[in-house]
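In this chain, residues are counted from 1 in sequence order.
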Amino acid sequence: MRLDYRKMQKEILPGKETQDWVWEEIERIAAKGEKKQNKWVGLKMAASIAAAVLVFVALIPQTSWADQITGLVKEFFYANADIKQDIVPNVYEDEGKYGHVRMKIQEMISDGACTYCTICYEALDAEGEQWLKEQEFDVNSIRFTSYATDDDYNSSITVVADDGNKTVIGGCNLHEQKELATEKARYFAFSFENDSGSFPLKNETMTMFYPMYRSQGIGKVKVISNLDTVSYRLVGDKSPSEYYEPEYLVVSKLSYALFGKDYGTHKYWFEEGMLWQEYSEGFLAEKGDNEDFVYRDGIPMAFKMKDGSTLEMGYAWSQLYEAENTVSGSDFLISAGHFNVDSENWERIMPIDDPNELTGIEIDGVHYDLVKEEIADK
C-alpha cells in the first residue's frame with residue numbers, strides 16, 4: 001500500500017522545478033506579509049498559501065503550467081531574475097487561412113528597447129501535426145518587418161505608427177526550445193534588441209510575418225510594455241576621458257542608455273559623398289590602443305543601488321557615436337544595452353529591481369552620483 005501511495009504522489013504532484021517556483025512565490029508573499037504583521041501571522045498566511053497552491057498545482061497539467069510561466073525566463077534571463085510579474089501573457093493568436101495549426105505569442109516582456117517573446121505552434125489535428133513536423137523555422141520565417149522581400153531580416157523592423165511607418169534598427173534572434181516540444185507543439189524564443197537608447201518600440205504595433213499551414217501569416221502585434229523608464233543627470237568631478245563626457249542616463253528595469261558630449265573621439269573624412277569615421281589618434285593613445293579599437297572588452301561599468309548593492313556589468317557596449325534626437329542637448333551615445341553580470345554569458349539579462357532605486361554609476365573607474373531629473377527629448 002505504501003508503494004501505491006508513493007506512486008500516486010509522484011504522478012499527481014508537480015516536478016521539482018515547479019515546486020521550487022511555488023515555494024519562491026510563497027516566500028515572497030510571506031515576506032511581504034511579515035512587514036505588515038507579526039511573524040506568526042505571516043507564517044500562517046504562508047502555510048495557507050502553500051496548501052492552496054499545492055492543491056491547485058496537483059489538479060492541473062504540470063508541463064503546460066510550469067513551462068509556460070518559466071519558458072521566457074529560462075531562455076533570456078539569469079536563474080534568479082525576478083521578472084515574472086512583468087511578463088504579459090497571451091499577446092497574439094492566429095489559426096491562419098486554412099486552420100490545422102494555431103500560432104500563439106504566449107509571453108512577452110519589453111521596455112521598448114528590448115523585446116522578448118515565447119511563441120508556440122500547436123497542431124490542431126493529424127494534418128497539422130504532419131505540417132508542424134516537417135516545417136522549418138528560422139529568423140527569416142518568423143520576423144517583425146513589413147518588407148516580405150527584405151533580405152536583411154536581422155537588422156531592422158518596421159513599426160506601424162499612427163503618423164506613418166518608421167524603421168527601427170536592431171538585432172533579431174530566434175531559437176527553438178526543443179526541450180519543450182511535444183508531438184503536437186513546438187516552442188520558440190524570439191528577441192529583438194535596439195541599442196539606440198530611445199526605447200522606440202514601447203507600446204507600438206509591429207507587423208509580424210510567420211509561416212502557417214499552406215499560407216503566409218501576417219499580423220499586427222502590439223509591443224505591450226509594463227516597464228517605465230527613469231532618467232538621471234550624472235554629477236561628478238571628472239570624466240573617464242578628455243574626449244567625451246557622460247551627462248545623462250536613461251534606464252528601465254531591463255536596459256539603459258548613457259548619453260553625453262563628444263570632444264573629439266573620432267576623426268572624419270568624406271569619400272564620394274559618404275561620411276567615414278574612425279577613432280582619433282589622441283583617443284586611441286589615451287586608451288592605450290593603436291589598433292583603431294577601444295574598449296575591446298566593453299566599457300567597465302557598474303550601477304550603484306540605494307540598498308548599497310552594486311551591479312557590475314559583465315559587458316557594456318561602447319557605441320561612442322553621434323546620435324540624433326537624443327536628450328537635453330547631448331549629441332553622443334556612449335553606451336546602451338541590457339543589464340548583465342557575466343562577461344562569459346553577457347547575453348543573459350539581469351534586470352534591476354527598480355530603476356528608481358539607482359544612486360550612482362561608475363564608468364571606466366570614474367564615479368558619478370545620479371540625480372533623478374526629467375529629461376526632455378532634443
Side-chain angles (χ1 to χ4, degrees), residues 68-78 81-94 103-120 139 142-146 153-162 165-175 177 187-210 219-231 249-258 311 317 333 335-340 346-356 358 377:
Q68 287 182 18
I69 287 178
T70 61
L72 187 146
V73 178
K74 288 191 297 185
E75 186 65 34
F76 297 110
F77 294 82
Y78 288 101
D82 182 20
I83 53 95
K84 293 187 183 78
Q85 68 278 5
D86 301 311
I87 295 173
V88 180
N90 304 321
V91 175
Y92 180 82
E93 183 174 319
D94 184 22
M103 175 272 198
K104 297 185 291 185
I105 300 180
Q106 292 183 309
E107 302 168 307
M108 176 184 287
I109 185 170
S110 176
D111 63 357
C114 303
T115 299
Y116 306 97
C117 305
T118 52
I119 298 171
C120 173
V139 75
I142 299 179
R143 64 190 190 276
F144 285 112
T145 177
S146 65
Y153 301 133
N154 288 322
S155 65
S156 67
I157 64 175
T158 298
V159 174
V160 182
D162 292 337
N165 292 352
K166 63 179 179 181
T167 300
V168 179
I169 305 300
C172 290
N173 187 42
L174 182 77
H175 171 70
Q177 298 175 295
Y187 296 84
F188 303 87
F190 176 85
S191 65
F192 181 85
E193 296 179 344
N194 169 267
D195 57 8
S196 69
S198 60
F199 302 86
L201 301 180
K202 189 175 180 67
N203 296 322
E204 295 281 9
T205 299
M206 298 186 293
T207 301
M208 184 178 187
F209 282 73
Y210 48 93
K220 305 296 185 184
V221 178
K222 185 174 183 179
V223 181
I224 305 171
S225 176
N226 297 328
L227 303 177
D228 295 328
T229 57
V230 181
S231 52
L249 175 71
V250 183
V251 61
S252 78
K253 190 171 183 177
L254 299 184
S255 62
Y256 70 93
L258 182 64
L311 190 146
W317 285 108
L333 180 62
S335 180
H338 65 249
F339 295 110
N340 63 83
W346 59 268
E347 291 183 339
R348 287 206 174 272
I349 306 160
M350 175 51 74
I352 58 177
D353 290 336
D354 186 348
N356 291 286
L358 291 174
D377 291 339

Exercise. With Phe188, which residues qualify under ring pair (Phe, Tyr, Trp, His ring centres under 6.0 Å), at least two apart?
Worked result: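 Scan of Phe188 (ring pair (Phe, Tyr, Trp, His ring centres under 6.0 Å), adjacent residues dropped) gives Phe137.
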Problem set entry | Partner residues of Phe76 under the ring pair (Phe, Tyr, Trp, His ring centres under 6.0 Å) criterion, sequence neighbours left out |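 So Phe76 forms a ring pair (Phe, Tyr, Trp, His ring centres under 6.0 Å) with Tyr116.
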For this session: Indicate the ring-plane relationship of His338 and Trp346, choosing parallel, tilted or perpendicular according to the 30° and 60° boundaries.
Result: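 Taking Trp346 first and then His338, their aromatic rings lie parallel (interplane angle under 30°).
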Looking only at heavy atoms, which two atoms of [X] and [Y] are closest? And how far apart?
X: Gly219; Y: Tyr92; value: CA-OH, 3.3 Å
X: Ser255; Y: Ala113; value: OG-CB, 4.0 Å
X: Thr118; Y: Gln177; value: CG2-OE1, 4.1 Å
X: Asp228; Y: Pro355; value: O-CG, 4.1 Å
X: Leu258; Y: Leu333; value: O-CD1, 3.6 Å

Could you give the distance from [atom1] ([X]) to [atom2] ([Y]), rounded to the nearest 0.5 Å?
X: Glu193; Y: Ser110; atom1: CD; atom2: OG; answer: 10.5 Å
X: Ile109; Y: Ile87; atom1: CD1; atom2: CD1; answer: 5.5 Å
X: Glu204; Y: Ser225; atom1: CD; atom2: OG; answer: 11.5 Å
X: Glu107; Y: Cys120; atom1: CD; atom2: SG; answer: 10.5 Å
X: Cys114; Y: Phe199; atom1: SG; atom2: CZ; answer: 8.0 Å
X: Ile352; Y: Phe339; atom1: CD1; atom2: CZ; answer: 4.0 Å

For this session: Count the heavy atoms belonging to other residues, nucleotides or ligands that lie under 6.0 Å from CG of Asn356, then report whether that count exceeds 12.
Result: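 Above 12, so yes.
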Answer whether the closest heavy-atom distance between the side chains of [X] and [Y] falls below 4.5 Å.
X: Phe77; Y: Ile83; result: yes
X: Ile105; Y: Met208; result: yes
X: Phe192; Y: Asn173; result: no
X: Leu249; Y: Tyr256; result: yes
X: Lys220; Y: Thr205; result: yes
X: Met108; Y: Ile119; result: no
X: Phe209; Y: Ile142; result: no
X: Val91; Y: Pro89; result: no

Problem set entry | side chain to side chain contact (heavy atoms under 4.5 Å, CB included) assessment of Asn226 paired with Val88 | CA-CA 8 Å; Asn226 297 328; Val88 180; 3.4 Å; yes
Exercise. Given the rule in the side chain to side chain contact (heavy atoms under 4.5 Å, CB included) test, do Asp94 and Tyr210 qualify, once you have shown the distances and angles that lead to the verdict?
Worked result: CA-CA 10 Å; Asp94 184 22; Tyr210 48 93; 2.6 Å; yes
Within the distance-only criterion (no hydrogens, no angle test), does the side chain of [X] pair as donor or acceptor with the backbone N or O of [Y] below 3.5 angstrom?
X: Lys202; Y: Ile224; answer: no
X: Thr229; Y: Val251; answer: no
X: Ser252; Y: Leu227; answer: no

Exercise. Taking only residues two or more places apart in sequence or in another chain, which ones pass side-chain contact (heavy atoms from CB on, under 4.5 Å) with Glu347?
Worked result: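 Once residues adjacent in sequence are excluded, Glu347 has no partner under the side-chain contact (heavy atoms from CB on, under 4.5 Å) criterion.
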Exercise. Please walk me through it: do Asp111 and Lys253 pass salt bridge (Lys or Arg N to Asp or Glu O under 4.0 Å)?
Worked result: CA-CA 8 Å; Asp111 63 357; Lys253 190 171 183 177; over 6 Å; no
Problem set entry | NZ or CZ of Arg348 within 45° of Tyr78 ring axis and under 6.0 Å |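 No - Arg348 does not lie over the ring of Tyr78 by the 6.0 Å and 45° rule.
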For this session: Evaluate the side chain to side chain contact (heavy atoms under 4.5 Å, CB included) criterion for residues Gln106 and Tyr187: first the C-alpha distance (whole Å), next the side-chain angles of each, then the deciding distance (0.1 Å), finally the verdict.
Result: CA-CA 10 Å; Gln106 292 183 309; Tyr187 296 84; 3.6 Å; yes
